[in-house]
Amino acid sequence: MPSSSASPSAAEAKPGASGGVQSLERAFDLLERMADAGGEVGLSELSTSSGLPLPTIHRLMRTLVACGYVRQQPNRRYALGPRLIRLGESSSRLLGTWARPFLARLVEETGETANMALLDGDEIVYVAQVPSRHAVRMFTEVGRRVLPHSTGVGKALLAHHPAEEVRALLARTGMPAATDKTITDPDRFLEALADVRRLGYAVDDNEQEIGVRCLAVPVPNSPTSAAISISGPTGRVTEASTDKIVPVLQDVAAQLSVALANQTPA
C-alpha cells in the first residue's frame with residue numbers, strides 16, 4: 001500500500017468510542033457516506049453530513065487519496081477510488097462462500113435453484129448459486145450483472161429505497177424489456193415495490209426470461225444490500241407453491257443474516 005505523507009493528529013489517533021482508532025473509524029465513515037451519496041462528494045457536503053470540521057476531513061481525504069481509496073476529480077470533488085474495487089470483489093466472493101450452505105438448504109427444501117445477489121451501484125450482481133437437482137433447471141452465472149427492474153432480487157433489494165432514489169436509478173439505467181412481461185414503466189415498477197413491502201417477498205414472473213419464475217427476499221441487516229432467491233420453470237414455481245416456498249426463503253434469509261453478523265460460515 002502506498003505510504004501517506006499525512007499524519008493523523010493526536011486527537012484523531014486516540015481510541016474511538018468503539019475502542020478502535022478514531023482516525024480509522026472516521027475514514028471508513030467518510031467512505032460509507034461517499035458511497036451513500038453516489039460515490040462523489042465535496043468536502044463541505046461531507047462536513048455537513050458527518051459533523052466533522054473541514055480541516056479534519058481534508059487530512060483524512062488526503063490520506064485516502066494517497067492510498068488510492070479516493071481520487072480527487074478535476075472539479076475538486078472527491079470520488080471513490082479504484083483500489084476499493086479489488087476489496088469489493090474479494091468481499092463479494094467471500095460473501096458468496098458464506099452463503100452457499102444456506103443456498104444449499106434452499107435447494108434441499110424447495111427443489112429449485114437458489115441464488116444470492118447484491119446491489120452494486122445501479123446493477124444487480126449474482127455472487128453465489130447452488131443449482132437444482134432437476135434435469136430442467138435454471139442457471140445464472142456467478143458474476144453476471146443485470147438491471148434490477150426485471151428481476152425478483154432487484155425488486156427485493158429496491159423495495160425499501162425511497163421512491164425518488166428508485167426513479168433516479170431507473171432514469172440512469174433505462175428500463176429495457178427483456179421479455180414482453182418486463183415492467184418498463186417507473187410508476188408500475190413502484191407499484192410492484194409496494195407489493196413487495198406488503199407481501200414480504202418479490203416475484204419475477206417471466207420478466208427476465210419467458211418460462212422462468214423467481215421468488216426473492218432481502219437478507220435483513222446484511223452488511224451490504226443482499227437478497228436471496230429461488231428460480232425455476234413456471235410449471236414448478238407456481239402460485240400454489242409460492243405459499244410453501246416463501247416461508248423457507250424468509251427463514252433461510254434470517255439465518256444467513258445472523259451468520260453474516262457473526263462473520264462465521266454455517
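- Using a 4.5 Å heavy-atom cutoff, the side chains of Glu109 and Asp251 are not in contact.
- Counting only distance, with no hydrogens or angles, the side chain of Thr238 and the backbone of Ser241 share a donor-acceptor pair below 3.5 Å.
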Could you go through Leu169 and His161, starting from their C-alpha distance and side-chain angles, then the distance that decides it, and tell me whether this counts as side-chain contact (heavy atoms from CB on, under 4.5 Å)?
CA-CA 11 Å; Leu169 183 153; His161 284 229; over 6 Å; no
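- The hydrophobic clustering, which links ILVMFWY residues whose side-chain heavy atoms are closer than 4.5 Å, places Val130 and Val153 apart.
- The side-chain contact (heavy atoms from CB on, under 4.5 Å) test with Ile230 singles out one residue from Asn115, Thr110, Val217, Thr113, and that residue is Thr110.
- Across every non-hydrogen atom of Thr182 and Pro176, the tightest pair is CG2-O, 3.7 Å.
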Test side-chain contact (heavy atoms from CB on, under 4.5 Å) on Leu31 and Val70; report intermediate values, then the result.
CA-CA 8 Å; Leu31 289 173; Val70 169; 3.6 Å; yes
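- A donor and an acceptor atom, one from each side chain of Thr151 and Gln208, are nowhere located under 3.5 Å apart.
- When all heavy atoms of Leu60 and Arg26 are compared, the pair lying nearest together is CD1-CB, 3.7 Å.
- The two residues Ser132 and Gly111 come nearest to each other via the heavy atoms OG-O, 2.7 Å.
- Using modelled atom types, one side-chain atom of Gln250 and one backbone atom of Gly200 make a donor-acceptor pair closer than 3.5 Å.
- Within the 4.5 Å cutoff, no side-chain heavy atoms of Pro148 are placed close to those of Leu157.
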Please determine whether side-chain contact (heavy atoms from CB on, under 4.5 Å) holds for the pair Val41 and Arg33, giving the CA-CA distance in whole Å, both sets of side-chain angles, and the decisive distance to 0.1 Å.
CA-CA 9 Å; Val41 295; Arg33 290 179 186 278; over 6 Å; no
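- Summarising the geometry of Ser47 relative to Leu54, their closest heavy-atom pair is CB-CD2, 3.9 Å, with the distance given to 0.1 Å.
- Going from atom CD of Glu207 over to atom OG1 of Thr184 covers 10.5 Å, rounded to the nearest 0.5 Å.
- Under a cut-off of 6.0 angstrom, the local environment of CG in Asp187 is crowded, with over 12 non-hydrogen atoms contributed by other residues, nucleotides or ligands.
- Side-chain contact between Phe189 and Leu158 is present, with at least one heavy-atom pair separated by less than 4.5 Å.
- Residues Met175 and Pro186 share a closest heavy-atom pair of SD-N, 3.7 Å.
- Side chain to side chain, Thr242 and Arg213 meet the donor-acceptor criterion of an N or O pair below 3.5 Å.
- Side chain of Arg197 to main chain of Ala159: a donor-acceptor pair is present (N/O by atom type, distance under 3.5 Å, no hydrogens or angles).
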As a quick check of understanding, evaluate salt bridge (charged side-chain N to carboxylate O under 4.0 Å, His left out) for Arg133 and Glu108, giving each step before the final call.
CA-CA 9 Å; Arg133 297 186 181 91; Glu108 185 68 28; 3.3 Å; yes
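- With salt bridges taken as basic N to acidic carboxylate O contacts below 4.0 Å, none links Asp205 and Lys181.
- At distances below 3.5 Å, at least one donor-acceptor pair connects side-chain atoms of Lys155 with backbone N or O atoms of Val203.
- Atom CZ of Arg76 sits in a sparse spot, with 12 or fewer heavy atoms from other residues, nucleotides or ligands closer than 6.0 Å.
- The nearest pair of heavy atoms linking Ala202 to Gly152 is CB-O, 3.3 Å.
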